[in-house]
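Please read the structure below before turning to the comments.
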Amino acid sequence: MEQWRHVFKLDPDRELADEALERVCLSGTDAIMVGGSSGVTFDNTVDLLARIRRYEVPCVLEVSEQEAIVPGFDLFLIPVVLNAKDPDWIVGRQHQALKEYGALMDWQQVVTEGYIILNGDSTAARVTKADARLDAKDVEAYARLADKLFRCPIVYMEYSGTYGDMELVRRVRSIVGQSRLFYGGGVDGPQKAREAAACAHTVVVGNAVYRDLERALATVQAVKETV
Ligand code: 1GP
């Protein structure tokens, strides 16, 4: 995780043909993250994991549904949505999950993501009731909260579905110390991938896989070439 520069995020609730999945898994990306904001179930998560496991690429689960926690992933990423107005998404669901599985968990495999949701129109924003009307100072403060106060291994600037403010991403990277800055949102081809890779530590590409696979695949090389 500390070395990842490029990640594809695949949604268990969306169709992806075997051939397309193969190309994604062999693309040279650093990891596949399985996750989505709606319609994620145990069954569709198990299915997708089994298909990805035919390849060697690391595969991690971003947990959003307790019922869809499937064993067998390399890591389990737990989002804590810092700007959620529904406290369920800050500590509520995590608390419930730990009541059930807390004693059984392998903590080596668990990674906390301090999430900042920045596209108010996204499903993630709706589900978590995130207040995405944040100015730069707000975002910086959330980043410090995740990095310095909570010491999350990942700070995730989530623009899901829309391309973000790269100046702000760059600023956040300059203030995080021990956290890795993940950027996700609207990276639909090599040019935006290069820009995002110049600003964040790790670039997450989601939608593009389903919209225009060729351009999505081209983001891998673009990110890797960017220093
Ligand atoms: C979504 O951050 C990821 O959770 C990637 O965003 O789907 O817009 O690429 P896109």
Side-chain angles (χ1 to χ4, degrees), residues 1 4-16 20-21 24 27 29-40 44-45 48 59-65 68 73 75-84 89 111-128 130 132 134 139 142-143 146 152-166 168-169 172-173 179-197 199-220 222-223:
M1 195 273 292
W4 296 349
R5 296 232 61 217
H6 183 284
V7 173
F8 277 124
K9 191 186 279 195
L10 299 183
D11 186 339
D13 194 34
R14 292 174 85 171
E15 298 276 330
L16 193 63
L21 184 70
V24 167
S27 63
T29 187
D30 296 306
I32 310 282
M33 192 187 291
V34 170
S37 302
S38 66
V40 178
N44 61 22
T45 303
L48 186 55
C59 184
V60 304
L61 180 65
E62 185 171 66
V63 178
S64 57
E65 283 299 329
F73 283 88
L75 293 175
F76 296 85
L77 309 188
I78 312 296
V80 170
V81 182
L82 300 167
N83 60 328
W89 292 94
V111 179
T112 311
E113 299 176 302
Y115 243 75
I116 310 168
I117 295 187
L118 292 150
N119 173 12
D121 293 326
S122 61
T123 310
R126 259 196 320 279
V127 168
T128 62
L134 306 174
V139 174
Y142 278 128
C152 301
I154 296 172
V155 174
Y156 195 135
M157 291 178 77
E158 172 64 292
Y159 282 91
S160 176
T162 175
Y163 189 59
D165 174 349
M166 287 304 132
L168 187 54
V169 177
V172 168
R173 192 187 58 184
S179 300
R180 217 174 150 78
L181 178 60
F182 279 40
Y183 168 81
V187 174
D188 58 4
Q191 195 195 326
K192 285 181 183 149
R194 245 174 252 120
E195 283 172 18
C199 299
H201 297 120
T202 306
V203 178
V204 183
V205 177
N207 267 306
V209 171
Y210 302 92
R211 288 219 180 116
D212 186 337
L213 182 61
E214 295 306 324
R215 286 175 53 77
L217 293 169
T219 63
V220 178
V223 167

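Atoms within a ligand are numbered from 1 in the order they appear, just like the ligands themselves.
Atoms of ligand 1 found under 4.0 Å from any heavy atom of Glu158 (numbered from 1 in listed order, with element): 1 (C), 2 (O), 3 (C), 4 (O). Those atoms of ligand 1 that come under 4.0 Å of a heavy atom in Gly206, given as number and element, are 5 (C), 7 (O), 9 (O), 10 (P). Heavy-atom contacts of Gly184 reach the following atoms of ligand 1: 2 (O), 6 (O) (cutoff under 4.0 Å). For ligand 1, the atoms sitting less than 4.0 Å from at least one non-hydrogen atom of Gly161 are 8 (O), 10 (P), numbered in the order shown with element in parentheses. Listed by atom number, the atoms of ligand 1 under 4.0 Å from Gly186 heavy atoms are 8 (O), 9 (O), 10 (P). Residue Tyr156 has at least one heavy-atom neighbour below 4.0 Å for each of these atoms of ligand 1: 2 (O), 3 (C), 4 (O).
The main-chain N or O of His201 is found under 3.5 Å from a side-chain atom of Arg180 such that the two form a donor-acceptor pair. In this structure, Tyr159 contributes its side chain and Gly161 its backbone to no donor-acceptor pair below 3.5 Å. Looking at Asn83, its side chain does come within 3.5 Å of a backbone N or O of Ile117 through a donor-acceptor pair. In this structure, Glu158 contributes its side chain and Ser160 its backbone to a donor-acceptor pair below 3.5 Å.
For the pair Glu195 and Val203, the minimum side-chain heavy-atom distance is 4.5 Å or more.
In terms of polar-atom proximity, defined here as any N/O pair under 3.5 Å, Ser160 makes no such contact with ligand 1. Of the N or O atoms in Val205, none lie within a sub-3.5 Å distance of an N or O in ligand 1.
For Glu62, the salt bridge (charged side-chain N to carboxylate O under 4.0 Å, His left out) partners at least two apart in sequence or on another chain are Lys9.
Summarising the contacts of atom 10 (P) of ligand 1 with Asp188, Asn207, Val209, the nearest heavy atom is found in Asn207.
Among residue pairs with one or both ends in residues 202-220, those qualifying as salt bridge (charged side-chain N to carboxylate O under 4.0 Å, His left out) are Arg23-Glu214, Asp188-Arg215; sequence neighbours excluded.
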